[in-house]
Trainee: 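I'd like to ask you about the structure that follows.
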Amino acid sequence: MQQAVQAGVERPFRTGFVEIENLPEALRALDRISGNFYWSWHPEGVELFRELDPRLWSQYEQNPRLLLKNVSELRLTQKSLDDTYVTKLRLFAEKFDSYMSNAAEPPSIAYFCAEYGVHNSLPNYSGGLGILAGDHLKSASDLNLPLAAVGLLYRYGYFRQRISHDGWQEERYADVFESELALTPVLDSTGERLTVAVHIRGREVVAQAWLAKIGRISLYLLDTNVTQNAEIDRLITGHLYGGSTETRIVQEKVLGIGGVRFLRKLGVAPSVFHLNEGHSAFLTLELAREFLSVNPEASFDDAVDAVRRQCVFTTHTPVAAGNDAFSTDELRSCFDSEFIASLKLSEDALFDLGRIDTGNDAEPFGMTPFALRMSRSANGVSEKHGEVSRELWLRMFSENAEPNDVPITHVTNGVHAPTWIAPQFQSLFTEYVGPEWPELLRDLSSWSSAVEQISDKEIWRTHQQLKRLLIAFVRERTSAKDTGSRETINEHIDTHNLFSPDVLTIGFARRVAAYKRWNLLLSDLDRLLRLVDHAERPVQFVFAGKAHPQDRTAKQILQQLMSINHDSNWQRRAVFIEDYDQEIARYLVQGVDVWMNVPRRPLEASGTSGMKAAMNGVLNLSVLDGWWMEGHNGQNGYAIGGVSEEDDETADANDAESLYATLENQVIPEFYALDSSGIPAGWIRKMKNSIATLTPQFSSDRMVRDYVERIYRVDS
Ligand SMILES: *Cc1c(COP(=O)(O)O)cnc(C)c1O
């Protein structure tokens, strides 16, 4: 990827940076390793930092740059004299250098997304879309794909969640200091900051860029927080999904239009632009403008042909209302007439590009219809979501078309196995499959038979270790909140006795939104509490998730869940962990017994957290929607409800009944059915089946290969 960057761009630029100058010679490699997120998906890389100072590692929320800046001289000197540590560091540095030394040729694929969830120490994501984009980049790196990524650097990121004593969600925003993150400024050939300008609200708004290295992949993040800009423009890249619709439009202009201009200045010439969700779709206008400026005789329609040949679009939203849509007035105030004229378009013709019904002045400008028009390929993120999307956008393609004629296909999402599989299971895979196990996921049958060879005892022992780790984590997180109030499950009196490693543990963590049906579990409280209180076969629950700051209904759902306080074991057996993020997700998907998901069908486009759980032998208990429709085989987890179409009320009632019945009649008895050696053999068979069948099918390596073979490739 080095060649992609103009001379001098990657020259170390230290001004305003965390100077890591205090490292003893024997530990110097830590500086280099901490500058690339490669370490984050290698257990031995994570261990190098944690071992340096476990307390600071947790205090600085797994940020290696901050750790290195603040670790004491005594600690550094001790580790530099620790031969075992120094050897581990040398071996990892060699592995990293060798990985980086054969990076692919200059990027021919440009990947655009509004958020990236690479690691907690780069707080630039809100949820599923961002994590997916992060996993996409990691797999692209592992597969050595010539891909570069573009996004925005949000100065205040996404909000941090706190729950008040009465169970109400409160938000705060942390200020991100670039110099504390593993980012380097992107410079031009003269050593100055490389900048681009985008005309916004009558002014030229300047954006600079930061480079994050995700293994071999370069992720460029644009940032309008520069002194030349007016105050309000400096805040364009302020909050992720915060602010008004106007803020969204101008953010998306910076991402799309600014992003293309940035790549041009950098000398990157992609043949494919991947619009991951519609936020970046304005980039197609910039490509059209470029085309027309070198083809002055051409029309806008000619430009569209040229643009479509380069663009591919992934939609992630199965409901029309969930897609970004802007009123024409809002658009008008953010787009200047000169830009529109340079496209040889009238304003109305521009607005029509984002409408299902062209000519309907009342219809807002939708980023999804717009992206569909401007891309040669469009896909949903699971088989079911592809089908739903074809129906949803049918009218755009023809009045009488059949859904099957709509040119929207699907590539089912996946997750990055080395990021999400617990180190303890990775060791087992290394032993039974070989150190190259991530690559061997490609060969389904040899993977499955290797997994079958792992003894039941070892699977169970590994799982129990991870469960104990989760329980310790739960106790630690809740003890920080130990206020003595008994009002909510977010505050516990005696956190040391919370949870038991012998009790069936169910995890439920996701965004709090109505369609995710957080309250389905609460629909028959007596029945739920009978499960929790059961003398021999109790159940415990761990919850986490954020509600959108403006979504009062979601916050009420959360408050309701927090405040169940009957004279029961609920207080001891239900826990809410605040501020759901990647680190919490890891403990949860690796340490619970069951991962529950109950979205209202067919609104879960794919879902990915269940895939992470499945790869750790955690059994999914989910409605048949999104990825689980493809993944469930009857032996690798549990299905709730059926697949028939029902009105919401009927579906909610039926699914609640099915959820309780499946717990009572299948999940609980099977979990507690111990054999003579004290382990649940039938359960472990399901765990193995989950690891064997779902890990290859839902790995992001498989997903990225699908994109390469079916979406990025141009048939000539
Ligand atoms: C994986 C993940 C998600 C997405 O999970 P869903 O199954 O789509 O809910 C969201 N947030 C975090 C922190 C994750 O790790």
Side-chain angles (χ1 to χ4, degrees), residues 40-41 61-62 113-136 138-139 157-161 240-241 276-277 314 316-318 322 380-382 384-385 412-422 470 473 477 507-518 542-548 554 577-592 594-616 618 620-623 625-631 637 694 698-700 703:
S40 72
W41 69 90
E61 301 186 301
Q62 301 82 42
C113 191
E115 52 169 310
Y116 290 90
V118 174
H119 183 259
N120 257 15
S121 61
L122 186 57
N124 213 41
Y125 68 95
S126 81
L129 180 70
I131 305 276
L132 180 82
D135 283 0
H136 195 105
K138 292 172 193 171
S139 278
Y158 197 56
F159 75 90
R160 307 289 303 256
Q161 178 193 53
L240 173 55
Y241 304 144
N276 192 44
E277 192 50 302
T314 301
H316 291 262
T317 323
V381 289
S382 69
K384 177 69 185 172
H385 180 231
T412 303
N413 282 346
V415 299
H416 189 245
T419 295
W420 294 106
I421 296 176
L470 166 71
F473 177 73
R477 281 294 171 107
F508 186 78
R510 54 203 70 256
R511 194 155 53 85
V512 189
Y515 83 88
K516 303 259 192 187
R517 296 194 297 188
W518 276 64
V542 50
F543 302 96
K546 294 176 173 180
H548 190 279
I577 311 269
E578 289 178 347
D579 204 27
Y580 186 43
D581 63 11
Q582 251 174 301
E583 183 71 3
I584 296 172
R586 222 188 309 274
Y587 278 103
L588 263 51
V589 299
Q590 295 172 358
V592 298
V594 170
W595 193 251
M596 185 173 82
N597 192 18
V598 289
R600 186 176 289 133
R601 285 173 298 118
L603 301 184
E604 182 90 317
S606 165
T608 52
S609 56
M611 304 171 184
K612 304 167 191 168
M615 294 179 179
N616 287 285
V618 168
N620 277 273
L621 165 65
S622 172
V623 302
D625 196 13
W627 79 282
W628 192 229
M629 277 190 87
E630 289 161 61
L694 300 171
F698 297 100
S699 92
S700 54
M703 170 183 75

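Every heavy atom of this structure was used, including side-chain atoms; hydrogens, water molecules and symmetry mates were not. First listed ligand is number 1; within each ligand, the first listed atom is number 1.
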Trainee: Taking 4.0 angstrom as the limit, do Asp579 and Lys546 come out as a salt bridge?
Mentor: yes
Trainee: Starting from atom 10 (C) of ligand 1, what is the nearest protein heavy atom, named by residue and atom, and what distance separates them?
Mentor: Gly128 N, 3.6 Å
Trainee: Can you tell me if Trp420 and Asn616 form a side-chain donor-acceptor pair at under 3.5 Å?
Mentor: no
Trainee: Quick check on contacts: which atoms of ligand 1 are under 4.0 angstrom from a heavy atom of Asp581?
Mentor: 13 (C)
Trainee: Are a donor atom and an acceptor atom from the side chains of Asn120 and Tyr125 found within less than 3.5 Å of each other?
Mentor: yes
Trainee: Return the closest protein heavy atom for atom 11 (N) of ligand 1 as residue, atom name and distance.
Mentor: Tyr580 CE2, 3.5 Å
Trainee: Please report, to 0.1 Å, the donor-acceptor pairs under 3.5 Å made by any side chain of residues 602-609, with sequence neighbours excluded.
Mentor:
from: Glu604; atom 1: OE1; to: Lys516; atom 2: NZ; distance (Å): 3.1
from: Glu604; atom 1: OE2; to: Asn597; atom 2: ND2; distance (Å): 3.0
from: Ser609; atom 1: OG; to: Trp595; atom 2: NE1; distance (Å): 3.1

Trainee: Using heavy-atom distances, let me know which of Met611, Arg510, Lys546 sits nearest atom 9 (O) of ligand 1.
Mentor: Arg510
Trainee: Can you tell me if His416 and Thr419 form a side-chain donor-acceptor pair at under 3.5 Å?
Mentor: yes
Trainee: Does Thr608, backbone or side chain, put an N or O under 3.5 Å from an N or O of ligand 1?
Mentor: yes
Trainee: Hey, is ligand 1 close enough to Lys612 that some N/O pair sits below 3.5 Å?
Mentor: yes
Trainee: If you have a sec, work out which protein heavy atom is nearest atom 7 (O) of ligand 1 and how many Å separate them, to one decimal?
Mentor: Ser609 OG, 2.6 Å
